[in-house]
Every structure is written in C-alpha cells, then in structure tokens.
Amino acid sequence: MRRNKISEVIGNINQKYVNEATAYTGTAKVNRRSVWMRWGAIAACFAIAVSTVFVINYINKPVVDLPIVNQPNSDSEKEFIVKNGVLLSYIGNQTDITIPETVSKITNFAFIENKNADKIEVVRLGASVEKVEINAFAGLSNLVKIIVDENNTAFVDNDGLIMTVDGNMLLHYEREDELFFEMPSKVRWVGAHAVQQTELEKINFGNKLEHIGYNAFMKNYNLKAINLPDSVTYIGKKAFAECVSADEGYIPKNVEFDGDAFEGVPFYISQIINMTVGEIESVYGTMTEVYSEQGSGQPVYILERVPGIELVFYDWQYGVPLEKTIKPTEILVTENKTAIVGLAVLDDISIGADRIHEYDASMTWDYTGVFVKIKYDEFYVTYRMQLSVLEFNKWGSNYAQMEKEFMDNPKGEIIQIRIEQIK
C-alpha cells in the first residue's frame with residue numbers, strides 16, 4: 001500500500017466517533033455496550049496509526065544489494081560451481097572441458113573430488129581466467145593439454161610450456177621427445193601434475209624454484225637425479241613419487257614436504273646411510289625407537305616421513321637416546337614402494353641382475369632364504385630372497401654348488417633389502 005493510499009484510508013475514519021471516544025470520562029453511567037464500542041474505536045485508531053508508521057518505514061527502507069551468484073548460461077556450465085568469479089569445483093564428466101567465461105580464478109583442488117578427474121584430458125582456459133592456483137588441477141593425473149585462449153592476457157603457451165605471462169609459474173609441460181628439460185629461469189612455482197610421467201632423463205630445476213605442487217614430477221621413470229636448489233621451501237604430496245631411477249639427488253635441509261613426496265625414490269633412502277642423526281631428523285622428521293635386533297643392542301628406529309624403512313644402530317644400546325652426531329649402520333627396506341639399485345621388495349632379483357655392479361663373494365644362507373651382498377657406489381646392498389623348501393633340498397648341504405648355480409642364474413623374490421656403509 002503506497003503512502004498516499006494509507007493517508008486516504010485514515011482520512012475516511014469518522015471524526016465523530018473519535019471525538020466521542022476521547023470525550024468519555026467514565027463518570028456518567030452509560031450502557032456497557034456503548035462504552036466498549038467507544039474504547040474499540042480508540043484501539044482501532046491506535047492500530048491504524050502504528051501500522052501506518054511501520055508501512056511508511058518499510059517503503060522508505062533502502063534496497064540492499066545481494067551477493068552476486070554467477071548464473072550458468074548453458075547446461076554444460078551447470079557442471080561448474082562458481083561463486084563471485086571463482087571456480088570452486090567441477091561436477092561434470094566431460095574429458096574435454098572449457099572453463100566458463102564467468103570464471104576469473106580457479107582455486108586449489110577444484111577438480112580433486114570429481115570421480116572422473118583422472119579421465120579429463122583437455123582443459124581450455126578462456127580469456128576471462130586471470131589466476132590459477134598452484135594445486136588447482138590436482139587430481140587431473142592424465143591431463144594431456146591445456147589450451148589457452150588467444151585473448152587471454154594472464155597465461156601463454158611458450159613452446160610447449162603452459163605458463164603465466166610473467167614466467168613465475170609453470171602450469172603444464174607438453175613437449176615431446178625431449179630427454180633434458182631446462183626449467184625457465186623465472187619459474188618459482190610448479191603446478192600440480194605439471195611435469196608428470198614424461199620421458200625426461202634429466203631436469204635442471206634452476207635456482208629460483210620455491211614451491212612444487214601436488215604430484216608435480218610423479219612417475220618420471222627415466223629421471224636419473226633430483227637435485228633441487230636451496231631456494232625450494234615446499235614440496236607437495238607425492239611430488240616425485242615413483243621416480244624409480246633417481247639414484248642421485250639433493251634435498252634442501254630446511255624444506256617442508258609431505259612424507260610421501262619422494263615415495264619410491266632410491267636416493268631418498270640410500271642417502272640416509274651417510275647422514276648423522278641430526279641431519280636425518282632435519283630432513284626426514286622425528287625418529288622413533290621400535291625394537292632391538294640383538295637383545296639390548298642394535299636398536300631399530302622408524303622415521304616420521306618415510307614409511308616402510310627402519311634404521312639400525314649396531315654400536316648403541318636400546319633405550320639410550322641417540323647422539324646427534326652418529327650415523328646408522330644399516331637401513332632396512334621392508335615395503336615394496338622403494339627400489340634400491342633398480343630392485344624393490346617383492347621383485348625377483350633376476351630382473352635387475354644387469355643393473356648390479358658386482359656380487360660380493362661372501363654370502364650367507366639360512367633356512368628361510370638367501371642373502372646376496374652387492375657393492376654399489378659408496379654402500380653395500382643386501383637382498384634377501386625367499387627360496388622354496390624344494391630348492392634347499394635340491395642342494396642339501398652343498399652350499400658351494402648352491403652358490404655357483406645361484407650366481408650363474410640369480411633368482412628369488414626379494415623379501416627385504418638392507419643397506420650398509422662401506423667402511
């Protein structure tokens with residue numbers, strides 16, 4: 001009801017009844033019904049007045065702008081959850097997706113909860129996309145190509161490298177038939193899955209790299225070394241996982257990283273044998289004593305950041321805190337995630353015989369398996385193989401013949417790997 005209409009209604013109230021109601025003093029004896037009618041008239045007037053004030057205030061109330069919610073322009077855009085220009089998640093099932101024009105920013109982990117994320121092969125960035133956070137594409141483990149709109153001013157395809165225009169971030173590596181990759185000099189951040197599962201054998205990481213995203217270099221099976229610059233401050237989840245040929249490498253001591261960032265990387269394990277307790281804890285996290293191999297001697301420790309390995313200290317007592325300057329005597333690898341000299345737990349030793357430098361003549365036998373000690377660079381690796389009862393019975397006590405036949409034809413499933421220092 002508009003203000004002038006309300007005033008019109010109020011004006012229609014008979015002034016006679018209002019005057020009679022206000023003139024009543026209560027001293028004269030009057031009909032009870034007449035008294036209540038007069039009081040009713042007063043109440044009606046009061047109610048109308050209050051209502052009038054309320055309605056007028058409501059009419060004059062300023063309009064408050066509601067938050068802008070991006071409305072999809074097509075059915076395909078309904079698969080994108082967008083708020084105030086930020087792509088929060090994708091709920092569709094397309095393998096080739098085009099980011100809507102309403103999106104200016106893609107937030108971290110926008111795709112990771114999509115059950116079909118690993119089937120997405122192409123992402124198209126329109127002209128409106130100005131920012132992609134470092135882990136925005138986490139979960140897109142089979143992403144083949146990022147196509148940048150020619151009118152986009154924030155990202156560029158630089159000869160097979162999808163990067164920010166300023167060169168600070170590498171989103172995706174798309175070069176083929178390349179064995180050596182020189183990281184562009186300005187790159188500070190490498191995005192999720194950016195350089196995953198390539199044919200690269202060597203990478204120069206530059207000297208400005210700071211932040212390595214989720215699965216960024218995962219499954220580079222031919223990569224021989226991972227030498228990171230001291231500028232690196234953070235390494236994301238499984239960033240180098242399954243780089244099984246990386247026998248050499250360097251990790252800055254004060255870098256922060258998830259425990260599985262180097263899962264299955266040989267140098268990550270083998271380098272521990274030449275590190276002090278203090279150095280180990282600064283890189284691999286807290287050490288916890290779990291048991292002793294020899295009564296009160298040879299305590300065994302596990303590491304917070306490296307599941308599946310144990311550190312043995314021969315010249316120490318169980319229950320006595322370790323000194324920061326001592327080194328472990330042996331490393332035990334008990335899970336099948338990490339290959340040492342190209343072989344991992346549950347592998348058959350025959351598949352990696354050609355990758356072993358030499359056999360040590362001394363071998364130890366027992367009724368559960370055979371131990372083969374191998375000299376490799378600066379440490380020994382002992383592989384323990386499980387042999388069947390029939391194989392033991394075949395040789396009986398003729399250990400010399402057993403050794404000869406085994407050396408001529410190495411075989412047996414590896415159930416444990418031990419690494420020890422060469423003194």
Side-chain angles (χ1 to χ4, degrees), residues 67-70 77 79-92 94 96-149 151-158 161-174 183-184 186-196 205-206 208-218 228 231-241 255-258 260-261:
I68 297 174
V69 177
N70 300 97
E77 290 192 10
E79 299 174 337
F80 297 87
I81 308 301
V82 182
K83 183 176 181 181
N84 296 329
V86 180
L87 175 58
L88 302 178
S89 64
Y90 174 67
I91 58 175
Q94 303 299 313
D96 184 331
I97 65 174
T98 299
I99 305 300
E101 294 180 359
T102 54
V103 173
S104 60
K105 174 183 174 181
I106 305 177
T107 193
N108 279 326
F109 305 105
F111 297 88
I112 200 165
E113 293 185 0
N114 187 301
K115 63 182 180 180
N116 296 306
D118 61 347
K119 296 180 176 62
I120 296 174
E121 297 180 349
V122 179
V123 174
R124 301 174 187 270
L125 299 181
S128 63
V129 180
E130 299 173 354
K131 183 176 181 180
V132 176
E133 294 192 334
I134 190 167
N135 288 319
F137 296 136
L140 305 188
S141 56
N142 291 306
L143 184 63
V144 175
K145 196 167 187 62
I146 296 176
I147 300 175
V148 181
D149 189 283
N151 296 316
N152 188 297
T153 59
F155 299 93
V156 65
D157 184 339
N158 181 12
L161 303 178
I162 309 304
M163 307 176 64
T164 53
V165 169
D166 60 13
N168 285 336
M169 182 174 175
L170 174 61
L171 272 184
H172 205 234
Y173 172 93
E174 298 178 359
M183 189 77 69
K186 292 183 179 180
V187 172
R188 298 167 57 195
W189 307 291
V190 177
H193 304 288
V195 196
Q196 178 176 315
F205 293 93
K208 292 186 178 179
L209 185 60
E210 298 176 8
H211 194 124
I212 300 172
Y214 178 100
N215 287 30
F217 296 92
M218 185 179 182
L228 300 175
S231 57
V232 175
T233 59
Y234 181 80
I235 303 172
K237 183 177 179 65
K238 293 195 174 183
F240 292 95
V255 68
E256 178 185 353
F257 61 91
D258 288 327
D260 55 4

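We number each residue from 1, following the sequence as shown.
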- Message: Any heavy-atom pair between the side chains of I134 and N108 that's under 4.5 Å?
- Response: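 Yes; the side chains approach each other to less than 4.5 Å.
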
- With a 4.5 Å limit on heavy-atom distance, are the side chains of V129 and N152 in contact?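 When only atoms from C-beta onward are counted, N152 and V129 do touch, with a gap below 4.5 Å.
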
- Between F137 and H193, is a ring pair (Phe, Tyr, Trp, His ring centres under 6.0 Å) present by the stated rule, with each step listed? CA-CA 7 Å; F137 296 136; H193 304 288; 9.3 Å; no

- Task: For residues 135-148, pull every pair meeting side-chain hydrogen bond (donor to acceptor under 3.5 Å, both in side chains), keeping only residues two or more places apart or in separate chains.
- Result: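 Qualifying pairs, neighbours excluded: K145-E174.
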
- Query: Quick one: salt bridge (Lys or Arg N to Asp or Glu O under 4.0 Å) pairs with a partner in residues 115-127, sequence neighbours left out?
  - Reply: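 Pairs touching residues 115-127 that pass the test: D96-R124.
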
- Qualifying salt bridge (Lys or Arg N to Asp or Glu O under 4.0 Å) pairs, either residue in residues 102-113, two or more places apart: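 Only K105-E133 qualify under salt bridge (Lys or Arg N to Asp or Glu O under 4.0 Å).
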
Listed by chain and number, what are the side chain to side chain contact (heavy atoms under 4.5 Å, CB included) partners of [X], not counting sequence neighbours?
{"X": "K238", "result": "N215, M218, A241, D260, E263"}
{"X": "E256", "result": "Y234"}
{"X": "L228", "result": "F205, I212, I226, V232, I235, F240, P252, F262"}

- Task: Considering non-hydrogen atoms only, spot the tightest contact between L140 and I120 and give its length.
- Result: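 Looking at all heavy atoms of both residues, the closest pair is CD2-CD1, 3.7 Å.
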
- Under the 3.5 angstrom rule, does the side chain of S231 hit a backbone N or O of L209 as a donor-acceptor pair?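 At least one qualifying donor-acceptor pair exists.
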
- Message: For the CD1 atom of I146 and the CG atom of L171, what is their distance to the nearest 0.5 Å?
- Response: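 Between I146 CD1 and L171 CG, I get 5.0 Å after rounding to 0.5 Å.
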
- Query: What orientation do Y90 and F111 show, parallel under 30°, tilted 30 to 60°, or perpendicular over 60°?
  - Reply: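 Plane angle between 30° and 60°, so tilted.
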
- Task: Please lay out, stage by stage, how F80 and T102 fare under the test side-chain contact (heavy atoms from CB on, under 4.5 Å).
- Result: CA-CA 10 Å; F80 297 87; T102 54; over 6 Å; no

